[in-house]
Amino acid sequence: MTNDPRPCYAVLTGDIVNSSALKENRRLQLYQEMQSLSDLLKRVFWQQISHDLANFRGDGWQLLLDQPQKALAVSLFIRTFFRYKFKAEKLDSRVAISIGPVEYVPEKNISEGFGPAFTESGLLLDRMKTERMQIAFVAATSSPYETTIISLVRTFDDLISAWTAPQCQAVHQALQGYTQLEIGERWEPKHIAQPSVAKHLKSAHWSFVKNGITLFESILTSLMESPRGE
């Protein structure tokens with residue numbers, strides 16, 4: 001993927017779509033949910049995420065993954081979180097994923113970090129117009145693997161953008177490893193039956209999603225093991 005000897009990370013930079021329309025009390029709740037999401041990310045993806053989710057300008061955020069292979073799963077986790085937590089306002093999050101080296105990672109606020117992956121992630125977010133999720137590689141090669149990853153992320157972007165709030169909640173819980181029965185028991189605002197959970201997961205094409213995440217992780221592992229993306 002690159003000859004750079006520095007360790008490879010995934011930097012995710014995003015902002016909340018439609019947040020400007022939030023009422024004052026819901027804006028406060030957004031801030032609080034950001035903190036909850038940060039804790040949840042570190043618990044669920046404890047092997048890949050060692051720093052808090054950075055929040056800036058109210059609706060902006062940034063996250064560092066020590067293992068880039070989980071970038072797609074984490075992106076889905078974040079988008080589904082906001083889409084079901086704020087279903088009435090139809091919030092969503094843009095996610096710009098950059099895979100590459102970094103030069104400095106501060107201990108507390110990772111948005112103060114710098115390096116090629118940080119820079120590219122921010123630039124990618126600025127370039128995004130109608131898209132909600134994109135990925136870029138620092139010092140990208142012409143490897144067909146990278147092209148496949150980019151196409152896969154675009155496909156997932158279209159899929160997620162069409163999900164309903166219940167589908168998002170079902171997938172969000174499934175990404176945490178809960179069974180359908182457990183998802184039904186944890187359902188917000190009140191419990192639902194397992195067949196209802198199964199219906200939401202099926203309509204969200206959960207089997208396809210799981211396979212796509214596995215494919216993403218496998219291809220990215222191959223890319224990282226081949227310095228020149230060959």
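Everything numeric in this text was worked out from a predicted model, so none of it was measured.
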>> Which heavy atom of Val171 sits nearest to which heavy atom of Ala204, and what is that distance?
In response: CG2-CB, 3.9 Å
>> Please say yes or no: joined through hydrophobic side-chain contacts below 4.5 Å, possibly via intermediate residues, are Ile160 and Leu124 part of one cluster?
In response: no
> Can you name the closest pair of heavy atoms from Ser98 and Pro116 and give their distance?
Replying inline: OG-O, 4.5 Å
>> Going by side-chain hydrogen bond (donor to acceptor under 3.5 Å, both in side chains), name the residues that satisfy it together with Tyr31, two or more places apart in sequence or in a different chain.
In response: none
> Given the rule that I, L, V, M, F, W and Y join up when any side-chain heavy atoms are under 4.5 Å apart, are Val95 and Met128 in one cluster?
Replying inline: no
>> In the structure I gave you, are the side-chain heavy atoms of Leu22 and Ser19 within less than 4.5 Å of one another anywhere?
In response: yes
>> Applying ring pair (Phe, Tyr, Trp, His ring centres under 6.0 Å) as the test, list every pair that has at least one member in residues 39-69; sequence neighbours left out.
In response: Phe45-Phe77
> Please walk me through it: do Asp66 and Ile49 pass side chain to side chain contact (heavy atoms under 4.5 Å, CB included)?
Replying inline: CA-CA 6 Å; Asp66 300 327; Ile49 300 175; over 6 Å; no
> For the side chain of Thr80 and the backbone of Leu76, is there at least one donor-acceptor N/O pair under 3.5 Å apart?
Replying inline: yes
> Given Leu37 and Lys85, is the side chain to side chain contact (heavy atoms under 4.5 Å, CB included) satisfied, shown in steps?
Replying inline: CA-CA 11 Å; Leu37 175 60; Lys85 288 285 187 178; over 6 Å; no
> Is there a side chain to side chain contact (heavy atoms under 4.5 Å, CB included) between Asp92 and Phe86 once you walk through the steps?
Replying inline: CA-CA 8 Å; Asp92 197 352; Phe86 294 86; over 6 Å; no
> Please walk me through it: do Asp157 and Arg132 pass salt bridge (Lys or Arg N to Asp or Glu O under 4.0 Å)?
Replying inline: CA-CA 6 Å; Asp157 184 20; Arg132 297 289 171 87; over 6 Å; no
> If you measure from OG on Ser121 to CG on Leu64, what distance do you get to the nearest 0.5 Å?
Replying inline: 10.0 Å
> Taking the side chain as C-beta and beyond, is there a heavy-atom pair between Ile97 and Gln134 under 4.5 Å?
Replying inline: no
> Taking only residues two or more places apart in sequence, or in another chain, which ones meet Arg26 in a side-chain hydrogen bond (donor to acceptor under 3.5 Å, both in side chains)?
Replying inline: Gln29, Glu89
> Does one side chain, of Gln167 or Ser203, offer a donor that lies under 3.5 Å from an acceptor on the other?
Replying inline: yes
>> Return the CD1 to OH distance between Ile219 and Tyr145, rounded to the nearest 0.5 Å.
In response: 8.0 Å
> Are any of the side-chain heavy atoms of Trp187 and Pro166 separated by less than 4.5 Å?
Replying inline: yes
>> Run the side chain to side chain contact (heavy atoms under 4.5 Å, CB included) test on Val74 and Val44 for me, step by step, so that the C-alpha distance in whole Å, both residues' side-chain angles and the decisive distance to 0.1 Å come before the verdict.
In response: CA-CA 10 Å; Val74 170; Val44 176; over 6 Å; no
> If you draw a 6.0 Å radius around CD in Gln32, do more than 12 non-hydrogen atoms from other residues or ligands fall strictly inside?
Replying inline: yes
> Which pair of heavy atoms, one from Ala174 and one from Ile183, lies closest together, and at what distance?
Replying inline: N-CD1, 3.8 Å
> Which atoms form the tightest heavy-atom contact between Gly122 and Thr13, and what is the distance?
Replying inline: N-OG1, 4.2 Å
> Is there a path from Leu12 to Phe156 through hydrophobic residues (I, L, V, M, F, W, Y) whose side chains come within less than 4.5 Å of each other?
Replying inline: yes
>> What I'd like to find out is whether the side chain of Leu220 reaches to under 4.5 Å of the side chain of Leu72, using heavy atoms alone.
In response: no
> Nearest 0.5 Å, what's the CD1-CZ distance between Ile150 and Phe137?
Replying inline: 6.0 Å
> In a check of side-chain hydrogen bond (donor to acceptor under 3.5 Å, both in side chains) between Ser161 and each of Arg83, Glu131, Arg79, which one passes?
Replying inline: Arg79
> What distance separates Phe81 CZ from Leu91 CG, expressed to the nearest 0.5 Å?
Replying inline: 11.0 Å
> For the hydrophobic clusters of this structure (ILVMFWY residues joined by side-chain heavy atoms under 4.5 Å, transitively), does one cluster hold both Met34 and Leu41?
Replying inline: yes
> Is Val17 reachable from Val153 through a run of hydrophobic residues whose side-chain heavy atoms are each under 4.5 Å from the next?
Replying inline: no
> Can you tell which of Glu182, His200, Arg186, Gln180 makes a side-chain hydrogen bond (donor to acceptor under 3.5 Å, both in side chains) with Gln173?
Replying inline: Arg186
> Taking all non-hydrogen atoms of both residues, which atom of Phe82 and which atom of Ser93 are closest, and how far apart?
Replying inline: CD1-CB, 4.0 Å
>> Between Ser111 and Gln62, is the side chain to side chain donor-acceptor pair (under 3.5 Å) condition met? List the steps.
In response: CA-CA 6 Å; Ser111 66; Gln62 195 163 55; 5.0 Å; no
> Nearest 0.5 Å, what's the CG-NZ distance between Leu40 and Lys42?
Replying inline: 12.0 Å
> Does some side-chain heavy atom of Trp206 sit less than 4.5 Å from a side-chain heavy atom of Leu175?
Replying inline: yes
> Tyr104: which other cluster members, linking ILVMFWY side chains closer than 4.5 Å, directly or transitively?
Replying inline: Phe114
Which atom pairs, donor and acceptor, lie under 3.5 Å between side-chain atoms of residues 207-217 and protein residues at least two apart or in another chain?
unit_1 : atom_1 : unit_2 : atom_2 : d
Asn211 : ND2    : Ser207 : O      : 3.3
Thr214 : OG1    : Lys210 : O      : 3.1
Glu217 : OE2    : Lys70  : NZ     : 3.0

> Given the rule in the salt bridge (Lys or Arg N to Asp or Glu O under 4.0 Å) test, do Glu120 and Arg127 qualify, once you have shown the distances and angles that lead to the verdict?
Replying inline: CA-CA 10 Å; Glu120 180 58 33; Arg127 294 196 299 268; 2.8 Å; yes
> Where is the tightest heavy-atom contact between Asn55 and Gly60, given as atom of each residue plus distance?
Replying inline: ND2-O, 2.8 Å
> Just how far is it from atom OG of Ser151 to atom CD1 of Ile135, taken to the nearest 0.5 Å?
Replying inline: 11.0 Å
> In chain order, what residues pass the side-chain hydrogen bond (donor to acceptor under 3.5 Å, both in side chains) check against Asn18, with sequence neighbours excluded?
Replying inline: none
>> Does this structure show an ion pair linking Glu188 with Lys87, if we count only N-O contacts that are shorter than 4.0 Å?
In response: no
> Salt-bridged, Asp15 to Arg94, with N to O below 4.0 Å?
Replying inline: yes
